[in-house]
Number of protein chains: 2
Amino acid sequence: MARTKDPVVRSLLIDRAAQMLRTREPVTLRSLVAGTGVSTMAVYTYFGGMDGLWKALRQEGFSRLAAKLAAVAMSADPVRDLAALGAAYLSNALESPDLYRVMFDAGFELEDAAAADETLYCLVRAAERARETGRFRDDVDPVELATQSWAIGHGLASLVATGPLPRQALAHGVPLLTALFVSAGDDPGRCRRSIEQAWKAVLPATDELP
Amino acid sequence: MARTKDPVVRSLLIDRAAQMLRTREPVTLRSLVAGTGVSTMAVYTYFGGMDGLWKALRQEGFSRLAAKLAAVAMSADPVRDLAALGAAYLSNALESPDLYRVMFDAGFELEDAAAADETLYCLVRAAERARETGRFRDDVDPVELATQSWAIGHGLASLVATGPLPRQALAHGVPLLTALFVSAGDDPGRCRRSIEQAWKAVLPATDELP
DNA sequence: CACAATACATAGCATTGCTATGTTTTGGTG
DNA sequence: CACCAAAACATAGCAATGCTATGTATTGTG
């Protein structure tokens, strides 16, 4: 027996905040609602304050990342797929670096932690397939290998997104992932071919080191 | 024919800001100068504003990191030294994670960019030595290998410092660096021994995966 | 229809970073 | 040594920020 929240307002605010991040406008309480017709109180009824908005924005970032990873077509070559997921991760991070920074900001509190797990499990499943098809050794733990791939991807994405490394440095992902997958048991030549193939399909712009 | 700045005040403010970061107190203009006897204007005469303070704080973070890396004793085993530098990097980042986050915040503007280069050159020199002593192949570019080591270290440090991974995940550095250095030509068994030796000397707390 | 719970709008508060204004110190110069 | 201008220093006040308190309007339910 009360008024119900309008989900349109909620997603409108999140989308607008993401857009303001992309255009580098400072996202403040008043600038966020300016022009939308809603008042500042909306941020409190829907998110409980600015902190809640940032948390929801992190969630949105992980949801978009999960969608990008889910859109990567799996093939008969699980190592290629693993590299394609890594390249998609980098592509997503560099496509909207400010949202990526927000995703990994302090606290790392998410409304739904399953979204972050989902992104990791994409990698875990590909690693499992690589082990089942004999590309990786039997003693390789898919979760650990996926975590290590994540560390490589996040390291490159973060260093490029925050400035110290240029965009072309993303190409370091090829030798790094090759080294990791070869250490997991894959044949060096075959591994390199799988990875380079995936890289050019997903990150065609940055396929050469400076 | 004017008054000169007192360098003591400058370093006092930087040290106090670093201390407040460590104790998780919010670093604001007024809270920073509270209790120090100096007024808020000091932040403007010495740093030109809060942005300048953050920039100086980034510089301080890189200076401390450079000191930590310089304190790592070099040995006759360049691969061990390279791993020891990586472990020291992780150790420094996790010792004061808030300062580490500030170092890689937006913009990445430094007062003296040479400090950041210095940290990378520590790794480059070790990689060069590894190549000269035959541990790495001749076609290995020391700068590229150092950059790739940096990406691994930053990825792990960032994921642990911001929350998603637990402290024990730093141990992933061992298999990751091993994979990278083996891909550079080092003998697998010898490489693993060199890295584990360095790891236990610098990061004795986190030498096992969960 | 009536009511109460909740969304929504407005106004005001404490705090933030910053600037304008005045005061004091100090380093070079005749 | 006396002078003075330039710069450090102190204080007050401003616009903007996030938040809360208060009042109004809306709507789902009995």
Side-chain angles (χ1 to χ4, degrees), chain A residues 1-60 98-99 101-102 105-109 111, chain B residues 1-60 98-99 101-102 105-109 111:
Chain A
M1 70 212 296
R3 209 166 152 184
T4 58
K5 289 189 181 43
D6 183 3
V8 171
V9 175
R10 181 190 160 88
S11 54
L12 178 137
L13 288 177
I14 291 183
D15 287 347
R16 179 165 163 82
Q19 181 61 25
M20 292 176 76
L21 274 182
R22 176 180 288 267
T23 58
R24 301 247 182 218
E25 296 172 76
V27 179
T28 72
L29 173 65
R30 288 171 171 81
S31 71
L32 177 65
V33 301
T36 63
V38 307
S39 114
T40 61
M41 272 302 292
V43 175
Y44 290 85
T45 61
Y46 286 95
F47 305 102
M50 287 302 282
D51 276 3
L53 176 85
W54 292 116
K55 200 195 294 188
L57 218 45
R58 274 192 283 276
Q59 192 73 40
E60 175 73 10
D98 302 276
L99 184 56
R101 256 201 299 268
V102 170
D105 248 7
F108 198 76
E109 295 156 4
E111 296 183 323
Chain B
M1 67 213 298
R3 211 166 148 185
T4 59
K5 289 189 184 34
D6 184 2
V8 171
V9 175
R10 181 190 161 89
S11 54
L12 178 137
L13 288 177
I14 291 183
D15 287 347
R16 178 167 164 82
Q19 181 61 26
M20 293 177 76
L21 273 182
R22 173 180 290 265
T23 58
R24 301 234 178 235
E25 297 172 77
V27 179
T28 73
L29 173 65
R30 286 171 173 81
S31 71
L32 177 66
V33 301
T36 63
V38 308
S39 112
T40 60
M41 272 303 292
V43 175
Y44 290 84
T45 60
Y46 287 93
F47 306 100
M50 286 302 282
D51 276 4
L53 177 85
W54 293 116
K55 200 195 295 190
L57 219 45
R58 273 191 282 276
Q59 192 73 41
E60 175 73 10
D98 301 277
L99 184 56
R101 256 202 300 269
V102 170
D105 248 8
F108 197 78
E109 294 157 2
E111 295 184 323

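Just so it is clear, the values below take in all heavy atoms, side chains as well, and ignore hydrogens, waters and symmetry mates. What you see is a predicted model, and the numbers here were worked out from it, not measured in a lab.
One atom, CE of A/M41, and another, C1' of D/dT17, lie 16 Å apart when rounded to the nearest Å. In this structure, CE of B/M50 is placed 7 Å from P of C/dC18, rounded to the nearest angstrom. Atom NZ of B/K5 is separated from atom P of C/dT25 by 18 Å (rounded to the nearest Å). A straight line from CG of A/D6 to C1' of C/dA7 spans 11 Å, rounded to a whole angstrom. B/R30 has its CZ atom 13 Å from the C1' atom of D/dT17, to the nearest Å. Between the P atom of C/dT19 and the CG atom of B/L29 lies a distance of 11 Å, rounded to the nearest Å. Residue B/L12 contributes atom CG, which lies 12 Å from atom P of D/dC9 at whole-angstrom precision. Regarding A/L13, its CG atom lies at a distance of 14 Å from the P atom of C/dA7, rounded to whole Å.
Residues A/S31 and A/M20 are in side-chain contact: their nearest non-hydrogen atoms beyond the backbone lie under 4.5 Å apart.
Between A/D98 and A/R24, the shortest heavy-atom distance links the atoms OD1-NH1, 3.0 Å.
Of the candidate nucleotides C/dA7, D/dA10, D/dC19, C/dA7 has the atom nearest to the side chain of A/R3. Nearest to the side-chain atoms of A/S39 among the listed nucleotides D/dG18, C/dA7, C/dA9 stands C/dA9.
In terms of position along DNA chain D, the nucleotide closest to B/A42 lies nearer the 5' end than the nucleotide closest to the other residue of the pair A/D51 and B/A42. Heavy-atom distances to DNA chain C give each of B/T4 and A/V38 a nearest nucleotide, and the one nearer the 5′ end belongs to A/V38.
One finds no side-chain N or O of A/Y44 lying less than 4.0 angstrom from the OP1 or OP2 phosphate oxygen of D/dT20. Side-chain N/O atoms of B/Y46 include one lying less than 4.0 angstrom from OP1 or OP2 on D/dC9.
Rounded to the nearest 0.5 Å, atoms CG (A/L53) and CD (A/E60) are 11.0 Å apart. Between A/Q59 atom CD and A/W54 atom CH2 the span is 15.5 Å, to the nearest 0.5 Å. We find the CG-CZ distance between B/D6 and B/R10 to be 12.0 Å, quoted to the nearest 0.5 Å.
Among the heavy atoms of the strands lying under 4.0 Å from B/T28 are primed sugar atoms or P, OP1, OP2 only; no base atom is included.
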